S.K.: 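Could you have a look at this structure, given as structure tokens, before my questions?
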Amino acid sequence: MPELPEVEVVRRGLERWVAGRRVASVEVRHPRAVRRHTAGPADFAGRLTGRVLGAPHRRGKYLWLPLEEPGAAPEPRDASPGRARESLLAHLGMSGQLLVQPHDAPDETHLRVRVRFADALGTELRFVDQRTFGGLSVHEADPHDPEATPSVVAHIARDPMDPAFDEDAFHLALRRRRTTLKRALLDQSLISGVGNIYADEALWRVRMHYDRPTATMTRPRTAELVSAVREVMAEALAQGGTSFDSLYVNVNGESGYFDRSLDAYGRQDEPCRRCGTAIRRRPFMNRSSYYCPACQRPPRPSVR
DNA sequence: ATGACCACCTGCGAGC
DNA sequence: TGCTCGCAGGTGGTCA
């Protein structure tokens, strides 16, 4: 369940149902699901076993849970310098799910990793992923970082819901780049958390064409765009995210219903909710862009 | 250094 | 019925 709102729904589920629990055992049922853990599945399981999962954090579409020492107070403020902290990192890819399931729930077809806990709550954490583009891994983090951000997340920009998101820097990056608006929105090193759905939705809201050169953006237009991204994501989050099918669910297996509120994505040939013109679908980077040809005028060819 | 493409997977619906 | 094709909420590595 890929974009920021869907990942945030999962983060909140983990915070409620998983944080503070001690890992009793880890079963890796498909090594590909743990491929980003370069030391291998056995090392992955070994690093988790006996540790307490801390409060989950998220940046863009990545989420992670700091690993606390057995018996240690969560997030100790006097972490001894030099002693690296570790976090369990998760990315859901295109089809990943993190589910909290009763022990006796039948194994899902694409169950990849199972985490059992040393408590009597009767539930376990499962990573289920049909296409295995997502995965889990354990990484070291800066011992002074209270969020224990894994070092491999460093290249991911702050997301627009993050108070530390720097709109000015984002605008300057757009001006500097020789690319187009939607490519930039999907570039997780410029702004994170935006995927194909919310890029199209935000562009529709501000009536901008996906192929507009980023260098033509003015400060007010960038501000408008970022606001639209924030608004569409906040609305989606309030509805539990977007799901067209059972692949995109929260930790309890429930779907969000923002798909009913989509204005552009997936609405090929349906009338634009603003002007009635048929929404168009165009191939774009091996996927699709949906837009209103009347509201979102293509950039003038002379502009470069 | 920056930008564009393609591979990595599995499953589903449409069309023949 | 069953095949092939196109398509799917993402992200790297690689090439120019």
Side-chain angles (χ1 to χ4, degrees), chain A residues 1-10 29-38 58-63 89-98 108-112 127-137 150 152-157 159 172-203 210-211 213-215 229 232-233 235-237 239-250 255-262 264-269 281-290 304:
Chain A
M1 20 159 81
E3 300 183 50
L4 186 153
E6 294 76 35
V7 178
E8 176 60 17
V9 166
V10 171
R29 308 183 82 235
H30 195 311
R32 214 185 126 70
V34 152
R35 70 192 179 285
R36 295 190 64 172
H37 191 92
T38 48
R58 181 190 54 71
R59 182 179 296 181
K61 304 168 197 172
Y62 283 86
L63 62 91
L89 179 68
H91 197 289
L92 301 175
M94 287 285 273
S95 53
Q97 306 175 344
L98 282 166
E108 291 76 7
T109 306
H110 303 293
L111 175 61
R112 308 306 191 190
F127 179 69
V128 176
D129 192 356
Q130 175 194 102
R131 296 171 73 182
T132 59
F133 286 174
L136 306 180
S137 46
V152 294
V153 177
H155 68 107
I156 301 296
D159 62 64
L172 294 175
L174 289 182
R175 297 284 312 186
R176 206 181 312 122
R177 291 278 177 130
R178 288 294 172 271
T179 189
T180 50
L181 218 37
K182 186 164 169 186
R183 287 177 196 275
L185 283 175
L186 297 181
D187 185 338
Q188 306 295 300
S189 69
L190 294 180
I191 181 172
S192 70
V194 184
N196 208 28
I197 291 180
Y198 297 106
D200 281 1
E201 292 301 306
L203 290 170
Y210 60 89
D211 248 347
T214 55
V229 171
V232 69
M233 284 182 166
E235 290 169 29
L237 184 56
Q239 296 183 55
T242 301
S243 11
F244 307 119
D245 56 45
S246 59
L247 276 187
Y248 303 97
V249 294
N250 66 17
S255 292
Y257 44 93
F258 190 68
D259 60 305
R260 288 184 239 151
S261 307
L262 295 176
Y265 188 86
R267 298 194 65 242
Q268 181 177 18
D269 297 334
R281 172 185 167 276
R282 281 286 120 89
F284 177 85
M285 294 168 79
N286 284 334
R287 47 227 298 208
S288 303
S289 271
Y290 297 89
R304 54 154 284 110

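If you're wondering where the values come from, they're calculated on a predicted model, not measured in any experiment. Chain letters run A, B, ... following the sequence lines, proteins first, then strands; residues in each count from 1.
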S.K.: Within the structure, does a side-chain N or O atom of A/Arg281 lie under 4.0 Å from either OP1 or OP2 of C/dC7?
M.R.: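 So the side chain of A/Arg281 is within the cut-off, an N or O lying under 4.0 Å from OP1 or OP2 of C/dC7.
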S.K.: So, is A/Tyr290 close to the C/dG9 phosphate, meaning a side-chain N or O under 4.0 Å from OP1 or OP2?
M.R.: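 Looking at the OP1 and OP2 atoms of C/dG9, neither is under 4.0 Å from any side-chain N or O of A/Tyr290.
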S.K.: Report yes if at least one side-chain N or O of A/Arg36 is closer than 4.0 Å to OP1 or OP2 of C/dG12; otherwise report no.
M.R.: yes
S.K.: Could you tell me whether A/Phe244 contacts a base, only the sugar-phosphate backbone, or nothing, with contacts defined as non-hydrogen atoms closer than 4.0 Å?
M.R.: base
S.K.: Side-chain N or O of A/Arg131 versus OP1/OP2 of C/dA8: is the shortest distance under 4.0 Å?
M.R.: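 It does not, given that no N or O in the side chain of A/Arg131 lies less than 4.0 Å from OP1 or OP2 of C/dA8.
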S.K.: Would you say A/His155 reaches C/dG12's phosphate, i.e. side-chain N/O to OP1/OP2 under 4.0 Å?
M.R.: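 Result: yes.
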S.K.: Write down the distance separating the P atoms in C/dT11 and B/dG11, rounded off to the nearest Å.
M.R.: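 Going atom to atom, P in each nucleotide, I get 22 Å.
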S.K.: Respond yes when some side-chain nitrogen or oxygen of A/Lys61 is under 4.0 Å from OP1 or OP2 of C/dT11, and no when none is.
M.R.: yes
S.K.: Would you indicate, yes or no, if B/dT10 has its OP1 or OP2 atom less than 4.0 angstrom from a side-chain nitrogen or oxygen of A/His110?
M.R.: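 For B/dT10, OP1/OP2 do not have a side-chain N/O of A/His110 under 4.0 Å.
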S.K.: Establish, from distance only, whether the side-chain atoms of A/Ser95 and A/Asp129 form a donor-acceptor pair under 3.5 Å.
M.R.: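 The criterion, which ignores hydrogens and geometry beyond distance, is satisfied for A/Asp129 and A/Ser95.
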S.K.: Taking for each residue the nucleotide of DNA chain B bearing the nearest heavy atom, is the 5' side occupied by A/Asp187 or by A/Asn286?
M.R.: A/Asp187
S.K.: Tell which nucleotide pairs with C/dG9, taking only Watson-Crick or G-U wobble pairs whose two distances are both under 3.5 angstrom.
M.R.: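 Check on C/dG9: unpaired, no WC or wobble geometry under 3.5 Å.
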S.K.: Does A/Ser243 have a side-chain nitrogen or oxygen under 4.0 Å from the phosphate oxygens OP1 or OP2 of C/dG9?
M.R.: no
S.K.: From C/dT11, B/dG11, B/dC8, pick the nucleotide closest to the side chain of A/Gln130?
M.R.: B/dG11
S.K.: Using centres under 5.5 Å plus planes under 30 degrees as the test, is A/Phe133 stacked with B/dC8?
M.R.: yes
